[in-house]
Amino acid sequence: MKFGMKEDPLFVPPLELCQKNSREWTLKEARQYKDWLLASLDERVSFLLKFLNVPKTKNQDVEDFLSSAGKKAAQYLLLKEFSECVTEKKKLTDKGYALAADMGLLVAKILLEKSRDKIRWRVLRRPKREISYNLPVLEGFELNPLEPVGGSIAEAYGILRGQDDSNVWREIYVYWLDQIPPD
């Protein structure tokens, strides 16, 4: 099974959205991206778990599960198929970008399941200076919203630089789970 091949398309939104920066999208385009992301979320996460060979069982501890998935994801990210050296700095390839994005979607899916409907997706439209402007975020946390795809990609770069380790996705989950308002 190959990541990013025929079985699993690379992380490529609808073509018309790829032709301009997300900050320049109209509200309609931002919503189209959110709809595409949510429509592909379950399939992408399912493929990711098969690719990493970390099946999720019903009573499995989420933190242990994310540690296992993160360990395998980090190992893949360091392979040349998933990252490359560009002027002495490592850079994610398209496959690495997809893997990192899908790890973010995995964390988002688990947080949504654990939130008991307290968090939900929306397009971030204000303030315009936000890095996640026009992107789908999870809102309903006590502090800020979470943009799981971009956050996961940033953490994947941290792994490539040696600043983060494979537990980063477990740590993201633990931090944001704690930000869900209590009952």
Side-chain angles (χ1 to χ4, degrees), residues 1-5 8-13 17-18 20-25 33 37 40-41 44-54 56 61-112 121 124 127-139 141 143-179:
M1 186 180 312
K2 296 247 182 178
F3 196 85
M5 296 310 221
D8 177 60
L10 295 175
F11 197 84
V12 180
L17 299 177
C18 295
K20 61 182 176 177
N21 186 299
S22 62
R23 299 190 69 72
E24 298 168 7
W25 289 341
Y33 174 76
L37 184 72
S40 62
L41 189 146
R44 295 193 73 83
V45 168
S46 177
F47 179 84
L48 173 71
L49 297 180
K50 287 178 191 160
F51 174 76
L52 295 176
N53 194 24
V54 287
K56 188 170 182 323
D61 179 76
V62 174
E63 291 182 43
D64 289 343
F65 168 73
L66 285 171
S67 287
S68 296
K71 182 176 182 180
K72 289 191 175 183
Q75 290 170 345
Y76 279 108
L77 287 172
L78 297 174
L79 299 176
K80 72 177 184 176
E81 188 176 351
F82 295 87
S83 64
E84 59 193 7
C85 264
V86 178
T87 62
E88 298 182 24
K89 291 185 178 180
K90 286 199 170 188
K91 177 182 182 279
L92 292 172
T93 63
D94 290 344
K95 291 179 185 178
Y97 184 91
L99 176 60
D102 289 347
M103 284 297 294
L105 292 175
L106 172 63
V107 172
K109 183 174 177 151
I110 295 170
L111 284 168
L112 283 161
W121 289 101
L124 185 69
K128 270 190 158 183
R129 69 183 183 284
E130 277 294 324
I131 194 166
S132 301
Y133 175 74
N134 265 348
L135 296 175
V137 296
L138 288 172
E139 70 171 3
F141 297 103
L143 298 174
N144 300 315
L146 165 65
E147 200 272 282
V149 172
S152 183
I153 291 166
E155 298 298 351
Y157 274 103
I159 289 170
L160 295 182
R161 289 189 303 268
Q163 295 169 331
D164 288 317
D165 65 25
S166 63
N167 279 316
V168 70
W169 291 283
R170 180 184 57 79
E171 292 166 7
I172 292 169
Y173 166 77
V174 169
Y175 174 83
W176 287 98
L177 182 66
D178 192 48
Q179 299 301 313

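Remember, it's a predicted structure, so these values are computed and weren't measured experimentally.
Considering only heavy atoms from C-beta on, L135 stays 4.5 Å or farther from V149 through its side chain. Side-chain contact check for I172 versus E155: some heavy-atom pair is nearer than 4.5 Å. The shortest side-chain heavy-atom distance between L37 and L105 falls under the 4.5 Å cut-off. Side-chain contact between F11 and I153 is absent, with no heavy-atom pair separated by less than 4.5 Å.
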Take L41 and W121, measure what side-chain contact (heavy atoms from CB on, under 4.5 Å) needs, and give me the verdict at the end. CA-CA 12 Å; L41 189 146; W121 289 101; 3.9 Å; yes
The test is side-chain contact (heavy atoms from CB on, under 4.5 Å); show your working for E147 and L124 and say whether it passes. CA-CA 9 Å; E147 200 272 282; L124 185 69; over 6 Å; no
What do the steps show when you test L49 against F65 for side-chain contact (heavy atoms from CB on, under 4.5 Å), and what is the final call? CA-CA 10 Å; L49 297 180; F65 168 73; 3.4 Å; yes
Stepwise side-chain contact (heavy atoms from CB on, under 4.5 Å) check, L177 with V62: CA-CA 11 Å; L177 182 66; V62 174; over 6 Å; no
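Here the shortest heavy-atom pairing between A69 and L52 reads O-CD1, 3.7 Å. Considering all non-hydrogen atoms of both residues, L106 and L66 come closest at CD2-CD2, 3.9 Å. Counting all heavy atoms, side chain and backbone alike, A154 lies closest to R161 at O-NH2, 4.5 Å. A pairwise comparison of heavy atoms in L77 and G96 identifies CD2-O, 3.8 Å as the closest pair. In plain terms, the two heavy atoms of K90 and L78 that are nearest each other are NZ-O, 4.1 Å. For the pair C18 and P13, the tightest heavy-atom approach, listed with the atom from each and the gap, is SG-O, 3.4 Å.
Within 6.0 Å of atom NZ in K71, 12 or fewer heavy atoms from other residues, nucleotides or ligands are found, so the atom counts as exposed in its surroundings. When the shell of 6.0 Å around CD1 of I131 is examined, it contains 12 or fewer heavy atoms from other residues, nucleotides or ligands.
In this structure a side-chain-to-backbone donor-acceptor pair under 3.5 Å is missing from D102 to L48. No donor-acceptor pair under 3.5 Å is formed between the side chain of S152 and the backbone N or O of A101. Between the side chain of S83 and the backbone N or O of L92, no donor-acceptor pair lies under 3.5 Å.
Separating the CH2 atom in W25 from the NZ atom in K20 is a distance of 9.5 Å, to the nearest 0.5 Å. Atom CZ in R23 sits 7.5 Å away from atom OH in Y133 (nearest 0.5 Å). For the atom pair CD (Q163) and OH (Y157), the distance works out to 13.0 Å, reported to the nearest 0.5 Å. Within the model, atoms CD1 of I159 and CH2 of W169 stand 3.5 Å from one another, a figure rounded to the nearest 0.5 Å. The CG atom of N134 lies 10.0 Å from the CD atom of E24; values are rounded to the nearest 0.5 Å.
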